[in-house]
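Below you'll find the structure, written out as structure tokens, and then a few comments.
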2 protein chains.
Amino acid sequence: MSARETLTATLPSHGRAQEVVEAGLDEGLLVTVFGRCRVEYEGRASSTLEAGDRLVVLKPDGTVLVHTEEGQQPVNWQPPGCTQDAVVDDGLVIHSHRESPDEELTVEFDSVRHVVAYNVTDEQDLSLQGTESDMRERILSDPSLVEDGFEPRATERETSAGAVDIYGVDDTGDAVVVELKRRRVGPDAVSQLNRYVDALKRDLHAEMHVRGILVAPSLTDSAHHLLDRHGLDFVSLSPAPQ
Amino acid sequence: MSARETLTATLPSHGRAQEVVEAGLDEGLLVTVFGRCRVEYEGRASSTLEAGDRLVVLKPDGTVLVHTEEGQQPVNWQPPGCTQDAVVDDGLVIHSHRESPDEELTVEFDSVRHVVAYNVTDEQDLSLQGTESDMRERILSDPSLVEDGFEPRATERETSAGAVDIYGVDDTGDAVVVELKRRRVGPDAVSQLNRYVDALKRDLHAEMHVRGILVAPSLTDSAHHLLDRHGLDFVSLSPAPQ
DNA sequence: AAATCCATTTCGTGC
DNA sequence: GCACGAAGTGGATTT
């Protein structure tokens, strides 16, 4: 079987399906199996899924995905790094095993309607814009987006509660902790910023005043209340320059 | 074309590929397209992915997934509810559009190596054990798992900071807020519990003492420090009965 | 539609 | 390996 080719089998016997899957796994191909199957998972949690038609994707990096006809997320899965094998019992059975944590996924096919093994080459990386990291770059190149007189001094500055997105000083010389979020935020982001401000106050253990500024497109009501209660500030900024 | 059948085409012309995809979309089939493609996304963020071999999955609920040979997550996607269409320009082009937020995904194929449309029926629901909800049931049926004398009074009790997992009283009559986590927790879960405790103190605005207990398999060091600082308690409990 | 929070979150980064 | 936090997080539930 040439690795250049795409191996396919329509309505294969379980033995033939097993051959294609095994060949695909051996040769580092991307394998898809479509058919009626039961799925069992045991690991961090455990689950059972009775027989139905599903698409199973096996990737050469050890990923397994079981997709139904709806939903963006697979109904069952196994992460990269797992070991896969395919055997024939009553029907085609695909096992995936992971150590640390110990997890096992078993897909038992009643009937395989289609199996394909694709030879994949993909060197490209995704270029993504509009991330939190892009917001940081925007602010570093124009600190007045936070407030007039703001001077960034460090990014990812370490505190005893973790790394602060942007650390700097305001026009009065007070220390400023900036927490960035690329989307509308709730109370969790406020608590996060408050932890950093508290930690920095303790770390500096001086009389130094420490302000906290949450920079995000918008705030929920309860986040706003919590922000006020903690004496923190908010600046509205979107990830894209618009 | 019978909906009972699985439509497949190997190394199809762009026109033939478009026919299969369009027929699949029209008839509510699960469609997979494998080939060399470029991908563009514009919406909450924006991204570009240069030409490479990928597996594209189109679901009848409007989901689009673009998978490379590695990673559990699709490199690009569109959630359920999007509208899909397939046209031929230089090659097969698949568009997916979403309103609110306005988002568009475009997949342009240089060459299609394989296209399949599957008729899917799947009535089954996943049965999952070992969730946070299972922890709650365990505690309600044996409250001493939290501590001797603990008496649950309500689940999902509302406070001004959100709903508390389990609300109850301890053997001295003090109010108790229990926050459950199915896995090892960090500082975020401690802050969450602290918000609930603070909110309940304000809500009750009495002299009533309010305790907070974090129930999880384990704690990180910084979570432990933060827990101590806030005067909260920890109880070790796993989601599964072991 | 908005808000909140869980998730077998996954993924990347740094230690 | 663990810890921490971002993500175009997704998904469920409730208002």
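Here the structure is a predicted model, which is why all the values come from computation and not from measurement.
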> Between A:Leu219 and B:Thr131, which has a closest nucleotide on DNA chain C that is more 5'?
Replying inline: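 The residue closer to the strand's 5' end, by nearest nucleotide, is A:Leu219.
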> Mapping A:Arg184 and A:Tyr41 onto DNA chain C by nearest heavy atom, which one lands closer to the 5' end?
Replying inline: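 Nearer the 5' end of the strand: A:Arg184.
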Atom-to-atom span, [atom1] of [X] to [atom2] of [N] - whole angstrom:
X: B:Glu156; N: C:dC5; atom1: CD; atom2: P; answer: 10 Å
X: A:Glu132; N: C:dG12; atom1: CD; atom2: P; answer: 16 Å
X: A:Leu128; N: C:dG12; atom1: CG; atom2: C1'; answer: 13 Å
X: A:His224; N: C:dA2; atom1: NE2; atom2: P; answer: 19 Å
X: A:Asp125; N: C:dC11; atom1: CG; atom2: P; answer: 15 Å
X: B:Leu226; N: D:dC4; atom1: CG; atom2: P; answer: 11 Å
X: A:Arg136; N: C:dT13; atom1: CZ; atom2: P; answer: 11 Å
X: B:His97; N: D:dG8; atom1: NE2; atom2: C1'; answer: 15 Å

Under 3.5 Å, is there a donor on one side chain and an acceptor on the other for [X] and [Y]?
X: A:Asp53; Y: B:Thr121; value: yes
X: B:Gln129; Y: B:Ser127; value: yes
X: A:Asn76; Y: A:Ser47; value: yes

>> Set out, in order, the CA-CA distance, both residues' side-chain angles and the distance that settles side-chain contact (heavy atoms from CB on, under 4.5 Å) for A:Val33 and A:Val21, then state yes or no.
In response: CA-CA 8 Å; A:Val33 186; A:Val21 173; 3.9 Å; yes
How far, in whole Å, is [M] from [N] if one measures between their [atom1] atoms?
N: C:dT8; M: D:dC4; atom1: P; result: 22 Å
N: D:dA6; M: C:dA7; atom1: C1'; result: 15 Å
N: C:dC6; M: D:dA7; atom1: C1'; result: 16 Å

Just to be sure I understand the rule, does [X] reach a base, reach only the sugar-phosphate, or reach nothing, if contact means heavy atoms closer than 4.0 Å?
X: A:Gln78; answer: nothing
X: A:Ala161; answer: sugar-phosphate
X: A:Ser100; answer: sugar-phosphate
X: B:Asn76; answer: base
X: B:Ser222; answer: sugar-phosphate
X: A:Glu179; answer: sugar-phosphate
X: B:Ser133; answer: nothing

Would you say [N] has OP1 or OP2 under 4.0 Å from some side-chain N or O of [X]?
X: B:Thr220; N: D:dC2; answer: no
X: B:Arg182; N: C:dT9; answer: yes
X: B:Gln129; N: C:dT8; answer: no
X: A:Tyr196; N: D:dC4; answer: no

>> Looking at A:Arg183 and A:Glu132, is any side-chain nitrogen of the basic one under 4.0 Å from a carboxylate oxygen of the acidic one?
In response: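 Salt bridge absent between A:Glu132 and A:Arg183.
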> Just wondering, more than 12 heavy atoms not from B:His97 lying within 6.0 Å of its NE2?
Replying inline: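 More than 12 within 6.0 Å, yes.
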>> Does the structure show a Watson-Crick or G-U wobble partner for D:dC4, both distances under 3.5 Å? Name it, or say none.
In response: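 Check on D:dC4: paired to C:dG12, both distances under 3.5 Å.
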>> Closest-nucleotide mapping onto DNA chain D: is A:Glu99 or A:Gln192 further toward the 5' terminus? I mean the 5' end.
In response: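 That would be A:Glu99.
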Taking [X] for the side chain and [Y] for the main chain, is one N or O donor matched with an acceptor at less than 3.5 Å?
X: B:Thr159; Y: B:Ala161; value: yes
X: A:Arg36; Y: A:Phe109; value: no
X: A:Asp89; Y: A:Gly91; value: no

> How does each nucleotide of nucleotides 10-15 of chain D score, in 5' to 3' order, for protein heavy atoms under 4.0 Å: base (B), sugar-phosphate only (S), or none (-)?
Replying inline: SS----
